[in-house]
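Keep in mind that this is a model prediction, so the values were computed, not measured.
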2 protein chains.
Amino acid sequence: MDAESFRRHGHELVDWIADYLEHPERYPVLSRVTPGQIVAALPNDAPEEPETFGAVMADFERVLVPGLTHWNHPRFFAYFAISASPPGILAEFLSAALNQQAMLWRTSPAATELETVSLAWLRRLMGLPDSFEGVIYDTASIATMHALAAAREAAVRSARSRGLAGRSDVPALAVYCSDQAHSSVDKALIALGLGLDSLRRIPSDDRFRLRPDLLAQAITADRASGILPVAVVATVGSTSTTSIDPVPAVADICEREGLWLHVDAAYGGVAGLLPSHRHLLDGVDRADSFVVNPHKWLFTPFDLSAFYCRRMDVLRETFSLTPEILRTTETAPVKNLMDTGVQLGRRFRALKLWMILRMYGARAIREHLTRHIDLAQQLAGWIDDHPDFERLAPVPLSVVCFRWKPAAQPALSADALDAANQRLVDRANATGEVFLSHTRINGRVAIRIAIGHIKTELQDVRAAWNILLQLRT
Amino acid sequence: MDAESFRRHGHELVDWIADYLEHPERYPVLSRVTPGQIVAALPNDAPEEPETFGAVMADFERVLVPGLTHWNHPRFFAYFAISASPPGILAEFLSAALNQQAMLWRTSPAATELETVSLAWLRRLMGLPDSFEGVIYDTASIATMHALAAAREAAVRSARSRGLAGRSDVPALAVYCSDQAHSSVDKALIALGLGLDSLRRIPSDDRFRLRPDLLAQAITADRASGILPVAVVATVGSTSTTSIDPVPAVADICEREGLWLHVDAAYGGVAGLLPSHRHLLDGVDRADSFVVNPHKWLFTPFDLSAFYCRRMDVLRETFSLTPEILRTTETAPVKNLMDTGVQLGRRFRALKLWMILRMYGARAIREHLTRHIDLAQQLAGWIDDHPDFERLAPVPLSVVCFRWKPAAQPALSADALDAANQRLVDRANATGEVFLSHTRINGRVAIRIAIGHIKTELQDVRAAWNILLQLRT
């Protein structure tokens, strides 16, 4: 494809994408294809001869578009609602063309330094101090893995060189989080060689917040058994109910016990942009590390996870390695991003965060966040006012968990209610009008509506509610 | 930014990118900014009010473009030369707009199944059997980490649940690779809790290939010391010289010893597309896993690393975890990509691989690869024919390692030659015309020219050579 063809097809694609963004209503939010349908519709082998852009786009529309679940849709309410905002999409386009690979400062000074700048902007918008240095990873799962690797290094002498296996000087290790924490903590501990058994899932309170008293007890019990406590992961905006752990009390314990405190604020962190909600980040300034995902609730195309650390030296000591081919000599000290983790190559992700923050500006971003929170409160109000629905968790941010529980059928068993609510979610999704997901709260099935797409308005939330009202049986 | 503004700015950006691709000669290949220059040129805080696309692009051109090192430039010869080809750039643009997050099959059937299809296409183009299942990761570093995590699980009972620490039933572990293997192996072992000391870097032969006899000896010695051998990483296209380890002999050893064999073919794997070079992949069909990076030598914008595994069940058993919020019920078995690793979220990366394979077709891709290999052979010939230059390694693929060694100054010390060659690289890069990197071979500084950009032609390699001829002193 020469430059002129690129120009022509690029313009065609801009129009396709503009139409796509303008008319989300053309598509069912949740894909309706059946498993294997797309594989079956495509050839077994790559073509020997080139095909035209038109032919490829025709197959894209015919075969792939029906297989899309439309995450970039204002009626996507499942998991966490995310947005690829227009400035973010343009930035990704530009980033792909530039093909920066920011392993070393000199292999992309722009990507390296813009990462510093845009992460500082975001940190300051959240009201968090300069003592945190930032780095961009792909996902919060990778960020949390790196946080816990640094925690492991801080707790176990020479883990980097000597590892954990076959060492009589290293006892069993323990990491703590609430029973609401994300599965990325489990996966990080698998990866890091601590194992799932090292994780203590501390019970949460009636608002799904980690109980500091039980945390302190668990640490004491582990120490008494000869187990070495390593780290605590607190959550600001848990996956199921968006509960907020009491970070100040957890920080007290971590400081007293000498444990690494990592805060998973992947979803909730951006609430710190709002003066009304900044208190949710209380205590995060005392964490050793925290993670917030602009690709969740900051309108940034997936992927961009912002990791902040007060002890980046420990992380660098854990992972920094410079083979000869990557040795450089600069006139001044430089930051080489490859030193901060497993991945050597890094895309120019900062560009999209920078363009989004500039093209919206902080005020408009706050307005979007506030609108989402207000919409969640309205939905919670409708649920609370309805005799046949029951809210199952507080709504500190923009996610609402509830269930259908008909007043006229008080004898329905818990299992029957679970089945009915799961069915209700499935039927709502089958309309193609909305996509909701479920969770379990205190063991029972809950309908979960996550509000966070940049174009989601009252009418969209109202539509989801009306669908549930119509389909309940 | 509304849809109409997106459309307008999208068209502007298409033209900017088309001009960029058409006129690489406008830019010095290696950025000339000084450390801190970009940070200093940008404000400390995000703006409160929105800025226009024009203002952002003006700053992009003024501040960031000088800070780009132009990886997408036909005279980028450093590290490995990569390409963001036009179809790949367009696919990334589309992928950003769709914002697919393929953690579960249902959250993007298209991304999930196109990953299966496009990875099968690539695997069959390389002549490798259907017994390999594929998954796309961001980088080969992450792929190798997952391969070794699966190897650890296969070797150490219950590593997933019980980890490695504080276990009297787990001895010290060992992993083997050549002294030429990539630093990602070291980083994986740090992450996985095996530690750097667990890595045995086996000496390579005079062509920089792992010596199977020494590998076998090392394994035997470790077993005799009560150390548990876990895995061998063989390399097809090593980072420094692109040497090719003798995979069949290594596979013999791994089969005999019951070790996991992972093949790092991140750069070299695509040579399997060429009938003339397919023998370089001999034995890879017997590996437990291998990785090849389309973002290296297959014209794919960074990032897309293709990981293939014959024992994906072990990898899934290591990492699969399904919290309630991610439980689904489909009518048929589905592949949920989140089960294959640490990362939960996954971008729609398969789209670019699919579009590249279709829009070029296999024949044209083979022609590009053949041209790069031929160019490297020509350069090697010029070097071999020149009295003042010395080639330092064989050229099995498209990378040439050599040094200036003037015939008229036979008394120059090894250190003086090192310094002179490092200086020559630096001076060549300072011209802005080319970007080369260096390596060390048998302890001595080598100039390294990596040919791999899709637009690199004879004139570009000739230009690099002429610059070196002019600047040698």
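- Residues B/Ile190 and A/Thr318 are in side-chain contact: their nearest non-hydrogen atoms beyond the backbone lie under 4.5 Å apart.
- No donor-acceptor pair under 3.5 Å is formed between the side chain of B/Asp138 and the backbone N or O of A/Asp138.
- Using a 4.5 Å cut-off between heavy atoms, A/Ile38 touches chain B through backbone and side chain atoms alike.
- Interface residue B/Thr139: only side-chain heavy atoms are found under 4.5 Å from chain A.
- Looking at A/Ala149, neither its backbone nor its side chain comes within 4.5 Å of chain B, counting heavy atoms on both sides.
- Of the listed residues (B/Leu122, B/Val56, B/Asp2), the one with the most heavy-atom contacts under 4.5 Å to chain A is B/Val56.
- Note that the OG atom of B/Ser95 and the CZ atom of A/Phe302 stand 10.0 Å from one another [nearest 0.5 Å].
- For the atom pair OG of A/Ser141 and CZ of B/Phe319, the computed distance is 11.0 Å after rounding to the nearest 0.5 Å.
- A donor-acceptor pair is defined here as one N or O able to donate and one able to accept, closer than 3.5 Å; no such pair exists between the side chain of A/Trp121 and the backbone of B/Pro47.
- Only the backbone of B/Leu194 comes within less than 4.5 Å of a heavy atom of chain A; no side-chain atom from C-beta onward does.
- Heavy atoms of B/Val170 lying under 4.5 Å from chain A belong to its backbone as well as its side chain.
- Side-chain atoms of A/Ser108 do not come within 3.5 Å of backbone N or O of B/Thr69 as any donor-acceptor pair.
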**Request:** Begin with the C-alpha distance, continue with both residues' side-chain angles, and end with the deciding distance and a verdict on side-chain hydrogen bond (donor to acceptor under 3.5 Å, both in side chains) for B/His438 and A/Glu324.
**Result:** CA-CA 8 Å; B/His438 79 286; A/Glu324 180 63 34; 2.7 Å; yes
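- Contact count against chain A (heavy-atom pairs under 4.5 Å) is highest for B/Leu192 among B/Leu192, B/Thr439, B/Thr112, B/Asp426.
- Between B/Ala96 and A/Ala84 the shortest heavy-atom distance is O-CB, 3.1 Å.
- Looking only at side-chain heavy atoms (C-beta outward), B/Met1 and A/Pro87 come within less than 4.5 Å of each other.
- Side-chain contact between B/Leu104 and A/Tyr79 is present, with at least one heavy-atom pair separated by less than 4.5 Å.
- Neither the backbone nor the side chain of A/Ser85 comes within contact range of chain B; no heavy atom of the residue lies under 4.5 Å from a heavy atom of that chain.
- Listed for the B/Trp71 side chain is a donor-acceptor partner under 3.5 Å among the backbone atoms of A/Thr107.
- Taking B/Gly166, B/Gly226, B/Gly67 one by one and counting their heavy-atom pairs under 4.5 Å with chain A, the maximum is reached by B/Gly67.
- Looking only at distances, no side-chain donor or acceptor of B/Glu48 sits under 3.5 Å from a matching main-chain atom of A/Gly361.
- Proximity of B/Glu49 to A/Arg363: side-chain heavy atoms (C-beta onward) are separated by under 4.5 Å at one or more points.
- The part of A/Leu351 that comes within reach of chain B is its side chain, from C-beta onward, which places non-hydrogen atoms under 4.5 angstrom from that chain.
- Proximity of B/Leu344 to A/His182: side-chain heavy atoms (C-beta onward) are separated by under 4.5 Å at one or more points.
- Residues B/Arg347 and A/Arg347 have side chains in contact (heavy-atom distance under 4.5 Å, counting atoms from C-beta outward).
- What you find for A/Gly10 and B/Leu90 is that their closest heavy atoms are CA-CD2, 3.7 Å.
- Only the backbone of A/Thr34 comes within less than 4.5 Å of a heavy atom in chain B; its side chain stays farther off.
- Heavy atoms of A/Asp303 lying under 4.5 Å from chain B belong to its backbone as well as its side chain.
- Across A/Arg106 and B/Ser437, no two heavy atoms sit closer than the pair NH2-CB, 4.5 Å.
- Neither the backbone nor the side chain of A/His146 has a heavy atom closer than 4.5 Å to any heavy atom of chain B.
- For the residue pair A/His11 and B/Asp15, a side-chain donor N or O sits within less than 3.5 Å of a side-chain acceptor on the partner.
- Looking at heavy atoms from C-beta onward, B/Leu114 lies in side-chain contact with A/Leu42 at the 4.5 angstrom threshold.
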**Request:** Output, in order, the C-alpha distance, side-chain angles, deciding distance and verdict of side-chain contact (heavy atoms from CB on, under 4.5 Å) for B/Met355 and A/Phe53.
**Result:** CA-CA 8 Å; B/Met355 287 182 76; A/Phe53 185 70; 3.7 Å; yes
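- Between A/Asp197 and B/Arg162 there is no salt bridge, since no side-chain nitrogen of the basic residue lies less than 4.0 Å from a carboxylate oxygen of the acidic one.
- When atom types are taken as modelled, the side chain of B/Lys187 and the backbone of A/Leu321 share no donor-acceptor pair closer than 3.5 angstrom.
- Here the side chain of B/Trp354 pairs no donor or acceptor atom with the backbone of A/Ala46 at under 3.5 angstrom.
- Each of A/Pro35, A/Gly195, A/Ala362 has some count of heavy-atom pairs under 4.5 Å with chain B, and the biggest count is that of A/Pro35.
- Heavy atoms of A/Leu30 lying under 4.5 Å from chain B belong exclusively to its side chain.
- Donor-acceptor pairing under 3.5 Å is lacking for the side chains of B/Gln100 and A/His70.
- Here the closest non-hydrogen pair linking B/Ile142 and A/Ile142 is CD1-CD1, 3.9 Å.
- Heavy atoms closer than 4.5 Å to chain B are found in the side chain of A/Tyr20, but not in its backbone.
- Contacts between B/Leu68 and chain A at a heavy-atom distance below 4.5 Å involve backbone atoms as well as side-chain atoms.
- Of all the listed residues (B/Ala18, B/Pro333, B/Ala159), the one sharing the greatest number of non-hydrogen pairs under 4.5 Å with chain A is B/Ala18.
- For A/Ser83, the part lying near chain B is the backbone, with the side chain staying farther off; criterion is any non-hydrogen pair under 4.5 Å.
- Neither the backbone nor the side chain of B/Ser305 comes within contact range of chain A; no heavy atoms are under 4.5 Å apart.
- Within the 3.5 Å criterion, the main-chain N or O of B/Ile17 finds no donor-acceptor partner in the side chain of A/Arg7.
- Between chain A and the options B/Leu94, B/Val334, B/Val65, B/Leu173, the largest number of non-hydrogen pairs under 4.5 Å is found for B/Leu94.
- Heavy-atom pairs under 4.5 Å with chain B were tallied for A/Arg152, A/Met145, A/Met57, A/Glu92; the largest tally goes to A/Arg152.
- With a 4.5 angstrom heavy-atom cutoff, A/Arg346 touches chain B only via backbone atoms.
- For a residue to count as touching a neighbouring chain, one of its non-hydrogen atoms must lie under 4.5 Å from one of that chain's; by this rule A/Phe60 touches chain B with backbone and side chain alike.
- Looking at B/Glu153, neither its backbone nor its side chain comes within 4.5 Å of chain A, counting heavy atoms on both sides.
- Using a 4.5 Å cut-off on side-chain heavy atoms (C-beta onward), A/Phe6 and B/Glu22 make no contact.
- A donor-acceptor distance shorter than 3.5 angstrom exists from the side chain of A/Glu113 to the backbone of B/Gly36, with no hydrogens or angles considered.
- Across all non-hydrogen atoms, the minimal contact from B/Arg358 to A/Asp59 is NH1-OD2, 2.7 Å.
- Remark: side-chain polar atoms of B/Asn72 are paired, donor with acceptor, to backbone N or O of A/Ala97 under 3.5 angstrom.
- Among B/Pro301, B/Pro86, B/Ala172, the residue making the largest number of heavy-atom pairs under 4.5 Å with chain A is B/Pro86.
- Annotation for A/Phe93 and B/Leu13: closest pair CD2-CD2, 3.8 Å, computed over non-hydrogen atoms.
- Only the side chain of A/Arg124 has a heavy atom closer than 4.5 Å to any heavy atom of chain B.
- In this structure, chain B has heavy atoms under 4.5 Å from both the backbone and the side chain of A/Asp19.
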